[in-house]
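See below for the structure under consideration.
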Number of protein chains: 2
Amino acid sequence: MGPTVTSRVLRLLEVFAPDRPRLTLSQLSRRAGLPLTTTHRLVGELAAWGALERDDEGRYRIGLRLWEVAALAPRGLGLREHAMPYLEDLYEATRQNVQLAVLDGTEALYLERLSARGAVGVISRVGGRLPLHATGVGLALLAYAEPEVQERVLAGPLPRFTPYTVTNPRDLRRKLAEVRRAGVAISDRLLELTALSVAAPVFGAAEEPVAALSIVVPAGEPPGPYIPAVRAAARGVSRALGSPRARAWPPSALRNLGTPAP
Amino acid sequence: MGPTVTSRVLRLLEVFAPDRPRLTLSQLSRRAGLPLTTTHRLVGELAAWGALERDDEGRYRIGLRLWEVAALAPRGLGLREHAMPYLEDLYEATRQNVQLAVLDGTEALYLERLSARGAVGVISRVGGRLPLHATGVGLALLAYAEPEVQERVLAGPLPRFTPYTVTNPRDLRRKLAEVRRAGVAISDRLLELTALSVAAPVFGAAEEPVAALSIVVPAGEPPGPYIPAVRAAARGVSRALGSPRARAWPPSALRNLGTPAP
DNA sequence: GTGACTCTTCCGCTCAGCGGAAGCCATGAT
DNA sequence: ATCATGGCTTCCGCTGAGCGGAAGAGTCAC
C-alpha cells in the first residue's frame, strides 16, 4: 500500500459501499485519507473517463463505464451468463429466491439473485458478501474449496447469527463432510430464523468448484423436494461450463438414449 | 489524454473487450500502447488489489473485486435491482426475451437480459452496447432524451442493418414523434430480420427518462398484445423509482394502440 | 454580516514513476 | 545441442508528473 498513484486511485474506488453509493468530493477525500487537492485531481480524471459520474447535486457515484468494463469479468457476468437459464428454470419452478455465488477469499460473493415478490426475504444482495459457514451457497463452496481455505475459515471466528448457526469448528467439519457426501448443502436457519436454503456446487471445465447455486424458502418447509431440482440445476450449469464431472453423471440415462453422444 | 498514471491505468482496463476478456502481459502492453515494464508494474498493482486476476496460464482478466465495486453503480445494478421484479413478470408472461437498457452517450447500454431457451436469438449482451436508431429500447430512450443527444444521433451516421432500418434523419424524426405519442417504441426488424421488439421508457423521481425496457419476439408476431404489458412493466419500474409521472394514470389520449407500418 | 462548509485553481519543490538494459524461462525450429 | 523467439521479471539512475499548501470563490444557515 505504498503512496503510489495507482493505490490512491483504487483507494478512492474502495470508499464506495452499499450504504454510501454517492459521495461528495470532501467525503471521498476524508474516507480515502487523501488530501483534498489530490482527491480533486484524481477524481476529476476518473470522472472524465467515466469510472465515476457526478449527479445533479455534484456528488460522485460509480460510473457506467466502470460497470461496463467490470461486466467482462469471466468469474462475474461470464459465469452468470452460463448459469442464467438454469437459474430461471429453478426460479420458475419454485417462485422463491434463487441465488448464484462464488468463493472470493473466505467469503461468498453473490453474483445473482432472483426473487419473487412474495418470497421470503433474504439479506443477500447482488455484489454483496456473506460468510461461508452460515449460508447454503457458502457451505457448498467451502465443502469443495481448497484445504487451505477451509482451514482459514475453520480457524477464524465463526460469528453466530441464530441459535442454529454452526459456530464450532468440529461441528462445521462434520457438516462439510455431510455436504460432500450428499452433494448438496442445507442451511436450516443458520443465517436467519425465517429462511432455509438448499445449495449445490457448480464445477468448471477442470473439475474445479467455481460457484454454488441455491434456492431459499421459508423455514419450516421440508427441503427434500427441492434437492433434486437444485442438484439438477447445478449439474446443468456445470455441463454448460464444460465440466467432465457433469457429463459423466447424466441426469437420466434413459432420456439420453435418443440423443446421439457428442 | 496526458501521460498521467491514472490515464494509463484506465487505458489498461479499456483494453479488455467482450471478444478478448483474457490477455497476457505483452498483449496488454501492446494494446494499451505502454512500455512492457510500465505495464508490468501497473498491472501488478491492479492484480494485487483485485481489479485484475491471473488465470492458470498467467493471463490477466477483470477481477471480481472490480466487479464488486462496479456493482454499486446506481445507474447499473441499482436500477436493475428496482426493475428486476417487473422484468421477471414480463418474462414469465411471455417466455421471450426481456431487456433493460440505459442511455450512455449516443448508444444504448444493456443492463439486463432475460432469455428463454427457445426464444428468438438476439445479439444484445449484458454490458454491451447497441445503436439507438435500430433497437426498441434505443428508440424509446432517444425519443425522450435531451434534444442535444437527439441532434447528435440524427446528425451522425445511421448505419443500416436490414432493409427496414431507419437510416434517414427525417424518417427517424417522424418515428420518434410517433414513439412519444404512443408511449411505446416498436422496432420491427430494424436490427435483425428475425426479431421485433416492443419497448417503453422508464422515468425517475425527477420525471427524467432513466432507462427503457423491451421484449423481443419473433418477427411476424403482431406487436399489439404486448404493448399493454410492456407499458405496465415500464410504469411499474417508474413507480418503484419514485416517478410522479407513474403515480398519475396516463392521459387517456395515449390510448392510441395503432401499430405503425414497417 | 459571520462562520462553516463546499469546491476549484495555481504553482514551485521533490520523490514516485519511468523505461532501457539485462537476464530468466519457456517453446519450437534447425 | 544450438539458436531463435516470445514471453515475463528484476534492477536502477534520471527526471518531470504528481503533490499538496495556499488562496480564493461559491453556497448555505443562522
Side-chain angles (χ1 to χ4, degrees), chain A residues 1-17 19-63 65-66 72-75 205-206, chain B residues 1-17 19-63 65-66 72-75 205-206:
Chain A
M1 302 281 166
T4 68
V5 177
T6 309
S7 74
R8 290 167 191 224
V9 166
L10 294 173
R11 220 182 305 161
L12 283 172
L13 294 181
E14 261 179 335
V15 162
F16 290 90
D19 51 320
R20 41 186 152 87
R22 299 150 193 275
L23 298 166
T24 68
L25 181 63
S26 325
Q27 287 173 323
L28 273 165
S29 160
R30 277 193 302 268
R31 292 192 181 274
L34 296 176
L36 184 62
T37 318
T38 302
T39 307
H40 180 254
R41 185 167 18 84
L42 294 180
V43 158
E45 229 174 329
L46 288 173
W49 185 80
L52 298 181
E53 292 172 356
R54 300 197 75 167
D55 63 12
D56 324 318
E57 284 94 36
R59 286 178 309 184
Y60 291 92
R61 60 189 178 195
I62 299 291
R65 184 93 181 270
L66 192 65
L72 298 172
R75 295 214 301 143
Chain B
M1 294 293 163
T4 67
V5 176
T6 310
S7 74
R8 290 165 192 225
V9 166
L10 294 174
R11 220 182 305 161
L12 284 173
L13 294 181
E14 261 180 336
V15 163
F16 290 90
D19 52 320
R20 41 187 153 86
R22 299 150 193 275
L23 298 165
T24 68
L25 182 63
S26 324
Q27 287 174 324
L28 273 165
S29 159
R30 278 193 301 268
R31 291 192 180 274
L34 295 176
L36 183 63
T37 318
T38 301
T39 307
H40 179 255
R41 186 168 17 86
L42 294 180
V43 159
E45 230 175 327
L46 288 172
W49 185 80
L52 298 180
E53 293 173 355
R54 302 197 74 168
D55 63 13
D56 324 318
E57 286 94 36
R59 286 178 310 183
Y60 291 91
R61 58 189 180 196
I62 300 291
R65 184 95 181 268
L66 192 66
L72 297 172
R75 294 212 303 142

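Every chain is numbered from 1, with letters handed out A, B, ... down the list of sequences.
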Without decimals, in angstroms, what is the distance between [X] [atom1] and [N] [atom2]?
{"X": "B:Glu57", "N": "C:dC25", "atom1": "CD", "atom2": "C1'", "value": "17 Å"}
{"X": "A:Arg41", "N": "D:dA17", "atom1": "CZ", "atom2": "P", "value": "12 Å"}
{"X": "A:Leu12", "N": "D:dC19", "atom1": "CG", "atom2": "P", "value": "10 Å"}

Using side-chain heavy atoms (C-beta onward) and a distance below 4.5 Å, is [X] in contact with [Y]?
{"X": "A:Leu46", "Y": "B:Leu10", "answer": "yes"}
{"X": "B:Phe16", "Y": "B:Leu52", "answer": "yes"}
{"X": "B:Thr39", "Y": "B:Arg30", "answer": "no"}
{"X": "A:Arg20", "Y": "A:Val15", "answer": "yes"}

Please check: side-chain N/O of A:Arg11 versus main-chain N/O of A:Ala32, any donor-acceptor pairing under 3.5 Å?
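Answer holds: yes.
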State plainly whether the residues B:Glu14 and A:Arg65 are in salt-bridge range, i.e. N to O under 4.0 Å.
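Between A:Arg65 and B:Glu14 there is a salt bridge, with a charged N closer than 4.0 Å to a carboxylate O.
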In B/S/- notation (B base, S sugar-phosphate only, - none; protein heavy atoms under 4.0 Å), nucleotides 4-15 of chain D written 5' to 3' is ---SBBBB----
Output yes when at least one side-chain N/O atom of B:Arg8 is less than 4.0 Å from OP1 or OP2 of C:dG19, else no.
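It does, given that an N or O in the side chain of B:Arg8 lies less than 4.0 Å from OP1 or OP2 of C:dG19.
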